Amino acid sequence: MLSLHNFKPKIGNVTRNRAGIVTLKQAIKKRMNSRIRNLEEYHKAYQESVSQPEKFWAEIAAEFSWKKPWDKVLEWNFRDFNVKWFDGAKLNITENCLDRHLESRGDQVAILWESNNPEIHGRQLSYRQLHTEVCKAANMLKNLGVKKGDRVCIYLPMVPEAAVAMLACARIGAIHSVVFAGFSAQSLADRIHDAQCAYVITADGAFRGSKSIALKEIVDEALQQSPSVKKVLVLKHTAQPVHWQEGRDCWWHEELEGCSEHCEAATMDAEDMLFILYTSGSTGKPKGVVHTTAGYMVWSAYTFRNVFQYEKGDVYWCTADVGWITGHSYIVYGPLLEGATTLMFEGIPTWPDAGRFWQIIDKYKVNIFYTAPTAIRSLMAHGDAFVYPHSLASLKTLGTVGEPINEEAWQWYYDNIGKGKCWVVDTWWQTETGGIMISPLAHITPAKPTYATLPLPGIQPVLVNGQGEEIKGNNAEGNLCIKFPWPGMLRTTYGDHERCRLNYFSTYENRYFTGDGCRRDFEGNYRIIGRVDDVINVSGHRMGTAEVENAINEHPHVIESAVVGFPHPIKGQGIYAYVICDHLPQQPEQRKKEILEMVTKMIGAIAKPDKIQFVSGLPKTRSGKIMRRILRKIAEGDTGNLGDTSTLLDPAIVESIRDGALQ
Ligand code: WT7
């Protein structure tokens, strides 16, 4: 393994790729530590990232281990969308997550694991142990036939093996596609099919509070429709009985036995795919967001370092699941790249009681805690009596992610969990952005309730108005776009680059469109208002309205449906479904139950509508488009002024829906 710190550029490289090498030389000479330490440094870094982006990122990248340096820091165009960071470089991200730390912190805990059941002993893996486990697992995957470039689907509970499996894939150059273990067999099958995964890694079951979920059974069902899958590797976790298909299924512990602890890290190109992660959009099925190796590495590490200001010895805990991007970037890659101690929790916040998070914080003396507004609101609703018994004295930084945080929840978090002494970082980003984009830097840049505040160095946000023009100046509101590439941005959507271009780069010329509405205050702080497309954010999880409608429409008696979001006190947004059946149901409660079961089967329990209203028609324009604006107003209970309904095919339908609305 070559460290850039002592890398000497070859003459040949200089003549071939002059620009890149010059930048690299500067990088090596300066060896600047890219940790921002005060407000002045933030402004300086931000300015540099805009005025000399290539130089800026080369200096940061120089702090990692590369097998070969890059030829060119950045190449890009947003027209047909093609972005390359550190092109020509060779590396393996696991050498940066693991091998690089062995000398300096081999015995430090890398992963702390807290079981669902508080009575069961947790586990911990030092960097050395994690390195060994990853190498063994990588050899196990090789023995099973996994090759560089193969897609491996990971459908696991929150156990250390989930991180080991991801890193083992990366070690040998296989592309992981982690699917959240709450998704249904149908969703899993769709994702396996789209990525053409030949391998699935799962467990017999998962614990969630007092329940256990039969993961292997769900995989078996999904695989009835997945001819691409050759092998299923099963981790024994709950020890529940499982159905076994000889020749296809194999036990993790049996396959791991005898595997060597040494595994040479595959040499990857900077732009080789690292992983695919599915996320919902406003149309069609979820799309596989693709992240590549070098840019994602630099971005997840840089953002982790600066937003959370992790110091050696800190215990860091992000409560997300590895099935979401937050788990990828801020449980696994970001923290491990930075040599942090990252805590993984298998359970849920409310079991055995609503004090579980706070009990865990005291147990492990957590210093940095990162969770979702939904969890905060839900625990707040359970009452402060669950918080008081715990000291929470170790905390110094609190983070939130996934959805807008309302002022009341922000204040409760700050006062009751942070005891008025912790920084709150409200981090705005997306699956597509790979890492945090807009956020305070803990203890450095000011926090402001309900505001994600300032862009990180490298991020150039713009607000765009209805005419597609950039709104300059402060105290403005518009659609949030980003006008310059950053290392962690998505590169494509798997198997369909045109869909990616259309989704993100066609609404506004030369800009990445986030899908969010946003306000900029007098000081230039950004506040995310919420999605402006047909995406609902339920408890920090993205759901496409079309996806939920398609699931509802699978019910044999449903003719058509329309789904919108509405404000929900805990979840942020709830799902409201207007449903047309062939006949108005005789037993509406029974029909609702069946519809909920259908959605659970097609997507998963997280997509279940909170409210279902049976209607005889939907407000449509003459061209057949559903006017969701009206449906949203009715769902919000704001029926006083429904706006202009004159363009509707049948204006009378609005009154009938309004009269039947559920409140
Ligand atoms: C959407 C992205 C980022 C990981 C978790 C969600 C919303 C995210 C915030 C925030 C307001 C936020 C946006 C965004 N969102 N963070 N701090 N404040 N809204 O990732 O599933 O890709 O969803 O979540 O609407 O577009 P995701």
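The first residue of the sequence shown is numbered 1, and numbering continues consecutively from there. Since this is a predicted model, take the numbers as computed values, not measurements. Any value given below was found using the heavy atoms of this structure, including those in side chains, with hydrogens, waters and symmetry copies removed.
For His328 and Tyr333, the distance between ring centers is not under 6.0 angstrom. Between Phe78 and Tyr512, the distance separating the two ring centers is not shorter than 6.0 angstrom. Not less than 6.0 angstrom separates the ring centroid of Phe513 from the ring centroid of Tyr504. In this structure, Trp486 has its ring center at least 6.0 angstrom away from the ring center of Phe484.
Ion pairing of Arg305 with Glu338 is present here, as a side-chain N (NZ or NE/NH1/NH2) and a carboxylate O approach within less than 4.0 Å. Under the 4.0 Å criterion applied to side-chain N and carboxylate O atoms, Asp194 and Lys285 are not assigned as salt-bridge partners. A salt bridge links Arg628 with Glu549: the distance from a Lys NZ or Arg NE/NH1/NH2 to an Asp or Glu carboxylate oxygen falls below 4.0 Å. With respect to Asp99 and Arg171, a salt bridge is recorded, a charged nitrogen being found less than 4.0 Å from a carboxylate O. Salt-bridge check for Asp249 with Lys231: failed, with every basic side-chain N at 4.0 Å or more from each acidic carboxylate O.
With a 4.5 Å cut-off on side-chain heavy atoms, Val307 and Leu456 count as touching. Residues Leu98 and Val134 form a side-chain contact, since some pair of their non-hydrogen atoms from C-beta on lies under 4.5 Å apart.
The salt bridge (charged side-chain N to carboxylate O under 4.0 Å, His left out) search around Lys142 returns none, not counting sequence neighbours. The salt bridge (charged side-chain N to carboxylate O under 4.0 Å, His left out) test applied to Glu498 returns Arg501, not counting sequence neighbours.
Between Phe505 and Phe81, the ring-plane angle classifies as parallel under the 30° and 60° cut-offs.
Distance alone, capped at 3.5 Å, places no donor-acceptor pair between the Gln430 side chain and the Gly515 backbone. Formation of a donor-acceptor pair under 3.5 Å by the Tyr199 side chain with backbone atoms of Asp150 is not found in this model.
One side chain, Asp516 or Trp428, offers a donor N or O that lies under 3.5 Å from an acceptor on the other. Side chains of Tyr370 and Thr400: no donor on one and acceptor on the other come within 3.5 Å. The closest side-chain donor-acceptor pair between Glu346 and His237 falls under 3.5 angstrom.
Sorted by first and then second residue, the ring pair (Phe, Tyr, Trp, His ring centres under 6.0 Å) pairs with a member in residues 526-549 read Trp324-His541; sequence neighbours excluded.
Applying the ring-ring contact (aromatic ring centres under 6.0 Å, His included) test between Trp299 and each of Phe304, Trp57, Trp429 identifies Trp57 as the sole match. Shown are Gln225, Lys601, Glu221; of these, the side-chain hydrogen bond (donor to acceptor under 3.5 Å, both in side chains) with Gln186 is made only by Gln225.
Residues Ala61 and Phe86 approach most closely at CB-CE2, 3.5 Å, considering heavy atoms.
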